[in-house]
Amino acid sequence: MVSFKSLATAALALIASAIAAPADTTALVARQNSHWQWWTEGQGQFSCQQQGGGKYSCSWNGKAGGGMVAGTGWGAGRKTVKYTGQYNPKGPGYLSLYGWTRNPLIEYYIVESWDVLAPGEPWTLRGNYTSDGINYAFYTAQRVNKPSIEGTRTFTQYFGVRSEAQKTVGSVNGTITTGNHFDFWSSKGYRMGNFEQSMYMVTEAFANGTKLPSGSSTIAVS
């Protein structure tokens, strides 16, 4: 969905750092563990902090080619995730639950709020469903020779996107029962793989052409 490098670059940068400095020496910062992800790239002003208890806050003002991702995470799989807080975006980006699987290699998003989605690749609608009283549309996209948790690969992205009518900005809250999403996606022939990476409730912002991101968020998850 992003127009800059995939979030997977963050994970790859950590793996590479255990062996040698990453080959890509652009303005890329990545810090990731089982509870926190914080990544920036390119030009702009980006600030995010953990505040404890599953809470984080961010502010951003991106320039051309710039973007950031930050969020609180935990082990992936079938879970019920609750979030609450403030999300005030302008331009491309979203508030979403995000993660990866292997075998097959899948990058997945459950998108809860946004100003401008601005996907980097064409989306194909695969169906509509309801989870936790919220209507979602299920889209897929393919990324060709892009960074992933397995290096440069071609892989499929899954997007469960909350309906425009039920989307909120400003004060946000919700419940995400991940198994409901995974089951519907699988019923359409798009199964999940092995959950070997953490999932994160992230604030993501990115530039897409002349569309530039700015905003702030304070999100608590449980």
Side-chain angles (χ1 to χ4, degrees), residues 1-11 26-32 36-51 55-73 81 83-100 107-123 134 136-137 139-141 143 146-147 157-174 176 199-221:
M1 182 181 273
V2 295
S3 58
F4 47 89
K5 293 182 179 178
S6 168
L7 279 171
T9 308
T26 60
L28 175 65
V29 178
R31 293 189 293 278
Q32 184 181 39
W36 176 241
Q37 179 165 281
W38 166 223
W39 174 62
T40 69
E41 184 179 58
Q43 299 296 312
Q45 296 177 327
F46 307 106
S47 176
C48 293
Q49 298 87 27
Q50 287 179 289
Q51 296 182 341
K55 186 177 182 179
Y56 69 92
S57 63
C58 296
S59 62
W60 62 93
N61 189 358
K63 297 182 180 180
M68 59 141 242
V69 180
T72 298
V81 177
Y83 67 91
T84 186
Q86 293 287 321
Y87 177 63
N88 298 285
K90 291 184 179 180
Y94 37 77
L95 177 69
S96 69
L97 188 66
Y98 160 83
W100 288 86
E107 185 180 32
Y108 64 90
Y109 296 82
I110 300 172
V111 181
E112 293 290 291
S113 186
W114 66 91
D115 178 35
V116 178
L117 283 174
E121 284 79 22
W123 286 5
I134 302 297
Y136 291 85
Y139 299 90
T140 64
R143 305 208 80 201
K146 298 295 184 180
Q157 296 175 306
Y158 298 170
F159 302 98
V161 182
R162 182 187 272 240
S163 72
E164 181 81 32
Q166 293 176 293
K167 179 196 76 171
T168 62
V169 294
S171 180
V172 296
N173 66 83
I176 303 171
M199 63 170 58
Y200 297 85
M201 192 71 199
V202 297
T203 295
E204 180 165 354
F206 54 91
N208 188 329
T210 60
K211 299 174 182 177
L212 303 179
S214 62
S216 64
S217 66
T218 299
I219 303 296
V221 299

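Values below: all heavy atoms of this structure, side chains included; hydrogens, waters and symmetry mates excluded. When a residue number appears, it is its place in the shown sequence, counting from 1.
How far CG of Asp115 is from CG of Leu95: 13.0 Å, rounded to the nearest 0.5 Å. Gln86 CD to Ser171 OG: the interatomic distance, rounded to the nearest 0.5 Å, is 5.0 Å. The line from CG of Asn173 to CD1 of Ile219 is 10.0 Å long, rounded to the nearest 0.5 Å. Interatomic distance, Thr72 OG1 to Lys55 NZ, rounded to the nearest 0.5 Å: 11.0 Å. Between the CD atom of Gln37 and the CE atom of Met68 there is a distance of 11.0 Å, given to the nearest 0.5 Å. Interatomic distance, OH of Tyr94 versus OH of Tyr87, reported as 9.0 Å (0.5 Å rounding).
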Please step through side-chain contact (heavy atoms from CB on, under 4.5 Å) for the pair Gln50 and Trp38, ending with a clear verdict.
-> CA-CA 10 Å; Gln50 287 179 289; Trp38 166 223; over 6 Å; no
Please test Glu112 against Ile176 for side-chain contact (heavy atoms from CB on, under 4.5 Å), starting from the C-alpha separation and ending with a verdict.
-> CA-CA 9 Å; Glu112 293 290 291; Ile176 303 171; 3.8 Å; yes
Test side-chain contact (heavy atoms from CB on, under 4.5 Å) applied to Asn208 and Val116, step by step | CA-CA 10 Å; Asn208 188 329; Val116 178; over 6 Å; no
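Side-chain atoms of Ser113 come within 3.5 Å of backbone atoms of Thr168 as a donor-acceptor pair (strictly under, hydrogens ignored). With hydrogens and angles disregarded, no donor-acceptor distance shorter than 3.5 Å links the side chain of Asn61 to the backbone of Ser214.
Side chains of Gln49 and Ser47: a donor on one and an acceptor on the other come within 3.5 Å. Judged by distance alone, the side chains of Gln51 and Ser57 do bring a donor and an acceptor atom under 3.5 Å apart.
Residues passing the ring-ring contact (aromatic ring centres under 6.0 Å, His included) test with Tyr83: none are found, sequence neighbours excluded. Take Tyr158 and apply the ring-ring contact (aromatic ring centres under 6.0 Å, His included) test, not counting sequence neighbours, and it matches Phe138, Trp185, Tyr190. Every residue two or more places apart in sequence or in another chain that forms a side-chain contact (heavy atoms from CB on, under 4.5 Å) with Ala141 is listed here: Glu121, Trp123, Gln157, Phe159.
For the pairing with Glu204, the side-chain contact (heavy atoms from CB on, under 4.5 Å) check across Tyr109, Trp60, Tyr98, Trp114 returns one residue only, Tyr109.
In this structure, Leu212 and Ala207 approach most closely via the heavy-atom pair CD2-CB, 3.8 Å. For Val111 against Tyr136, the heavy-atom pair with the smallest separation is O-CE2, 4.3 Å. Considering every non-hydrogen atom in both Lys211 and Pro92, the closest pair reads CB-CG, 3.6 Å.
Within the 4.5 Å cutoff, the side chain of Val81 has no heavy atoms near those of the Ile110 side chain.
Surrounding NZ of Lys167 are more than 12 heavy atoms belonging to other residues, nucleotides or ligands, all under 6.0 Å away.
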